[in-house]
Number of protein chains: 2
Amino acid sequence: MVQVVVEASRRRAIEDVASDLFRKHGYAATSIRDIAGALSMQGPSLYAHVSSKEDVLWAIVDRAAGRFENAAQLAEERADERHAGDPVEAIAALVRAHVGVVTGDVGEASVFVHEWRALGDDRRAAVLDRRDAYEARFRRRVTDGIAIGVFGITDPAIAATVILSALNGVASWYDPNGRLAAERVADHLVGLTLRMLSSE
Amino acid sequence: MVQVVVEASRRRAIEDVASDLFRKHGYAATSIRDIAGALSMQGPSLYAHVSSKEDVLWAIVDRAAGRFENAAQLAEERADERHAGDPVEAIAALVRAHVGVVTGDVGEASVFVHEWRALGDDRRAAVLDRRDAYEARFRRRVTDGIAIGVFGITDPAIAATVILSALNGVASWYDPNGRLAAERVADHLVGLTLRMLSSE
DNA sequence: CCTCCTAACGAACGATCGTTAGGCAGAAGA
DNA sequence: TCTTCTGCCTAACGATCGTTCGTTAGGAGG
């Protein structure tokens, strides 16, 4: 059921287990002792590896954010190399990259999407900024496509938000052992997204 | 900022305040004393009106579920009256109904979408069943549209899930005092949805 | 053998959690 | 005026929370 991995470090194992529990029950409803229990340890023993509970959440959210950012950056660069300035290809690449990150680690992605609210004020604000910058990648490409007439919609802000809602939703229903492989899920979402934007 | 309403009953006021706090901080992170404090009461005083914390959550979720179900039922009936069996009109009506419920009470809708996981096993299972029955309304209409060739997509299950992800996302970004009135938001989402499904 | 390090342990702290119990002020009805 | 009910209060319960602390078992290096 759950993939067994040789953990690179104890710290990383803690974050992986925490991702899973945070996704299933939420940050607030998951106790330090729950996380420790899943690793056959006592609660306080975690503090040899971690400085606070929020610290664990932050590590997960920060890493997930970085994964989304890197994947999107790479996707845009490659799309521009091969189809310079083509908004359709750029959006397709962004969607595929996003779905890839989500399906690559559903737990981490879910936590990033839903649990960042539990962070303290400064970190929450930082995450909000990064989310907006990330969404702006999509918004910009949609705007480009409208400008050259390949997209038939009128409001790029709403379109970008709707697209990202749909993409983030994948984290809630994708099952690595389910009917559809990750690549097929990405195919479907690219198709639906482009169809939604297309001019006819 | 927050609309001031003459509350029908103390019980209802508690649920409204709880909706708001659950939406902002989540069920687990909201204490009975937080809810009471927002009503200028002491925590234990709530138990004169409410039998448990989960009871409050359940009341909110159950009412929200009922609102979605009633709105969808009415929308489908009206669509079938006027455009019997037209999947395009039916989907448009379902989308408009869903957005209407969400924008009508963002707090309640958010709690319904995100916090049902915090319910006990029986109630959570019941909500899951109702969610699936609700999603099936969309899935069925999408399937109908594919069958008669007005929709050009291939996987009705994914399409229905993606649509609902996007619609539920509205609860996360819609602002009653924002740039777009609820009706305009509904217009955009109907347009985007139909475009996403359409055969060309 | 001694020392140091790692990784965990169990006890315990203060705070907060949901919840129960009992009391008190004021309005309502006899 | 006396009683009853309503709505809220304070005190307090046991449980659990995140976290700190001192300690211990075991292995590595000298």
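Just so you know, these numbers use all the heavy atoms, side chains as well, and skip hydrogens, waters and symmetry mates. Here is how names work: the chains are called A, B, and so on, in the same order as the sequence lines, proteins then strands, and each is numbered from 1.
Close to D:dC8, at under 4.0 Å from its OP1 or OP2, lies a side-chain N or O of B:Arg10. Residue A:Gln42 places no side-chain N or O under 4.0 Å from the OP1 or OP2 atom of C:dA8. Phosphate contact (OP1/OP2 of C:dA8, side-chain N/O of A:His49, threshold under 4.0 Å): present.
Salt-bridge check for A:Asp144 with A:Arg140: failed, with every basic side-chain N at 4.0 Å or more from each acidic carboxylate O. Between B:Glu76 and B:Arg137 a salt bridge is recorded (basic side-chain N to carboxylate O distance below 4.0 Å). Ionic pairing of A:Arg63 and A:Glu108 is present here: one or more N-O contacts between side-chain nitrogen and carboxylate oxygen are shorter than 4.0 angstrom.
For B:Asp34 and C:dC17, the CG to P distance is 6 Å, given to the nearest whole Å. Here the P atom of nucleotide D:dG18 and the CG atom of A:Leu21 are 12 Å apart, to the nearest Å. To the nearest angstrom, P of D:dG7 lies 14 Å from CZ of B:Arg11. Rounded to a whole Å, the CE atom of A:Met41 is 15 Å from the P atom of D:dT19.
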Legend entry - Steps toward side chain to side chain donor-acceptor pair (under 3.5 Å) verdict (B:Ser31, B:Asp34): CA-CA 5 Å; B:Ser31 74; B:Asp34 290 336; 3.3 Å; yes
Inset, instruction - Please assess A:Ile32 against A:Val50 for the test side-chain contact (heavy atoms from CB on, under 4.5 Å), listing each intermediate value before the final yes or no. - result: CA-CA 11 Å; A:Ile32 283 285; A:Val50 147; 5.6 Å; no
Heteroatom pairs (N/O) under 3.5 angstrom, protein to nucleotides 26-29 of chain C:
none

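The side chain of B:Lys53 lies closest to C:dG18, out of D:dT19, D:dA11, C:dG18. Counting only heavy atoms from C-beta on, B:Ala48 has its side chain closest to D:dC8 among D:dG18, C:dG18, D:dC8. The side chain of A:Ser45 lies closest to C:dC9, out of D:dT10, D:dG18, C:dC9.
No hydrogens or angles considered: nothing links the side chains of A:Gln73 and A:Glu69 as a donor-acceptor pair under 3.5 Å. A donor-acceptor contact closer than 3.5 angstrom is absent between the side chains of B:His114 and B:Asn168.
A:Ser31 comes within 4.0 angstrom of sugar-phosphate atoms only, judged by non-hydrogen atoms across all strands, and of no base. The residue B:Thr30 sits close only to the backbone: its heavy atoms come under 4.0 Å of sugar-phosphate atoms, none of a base.
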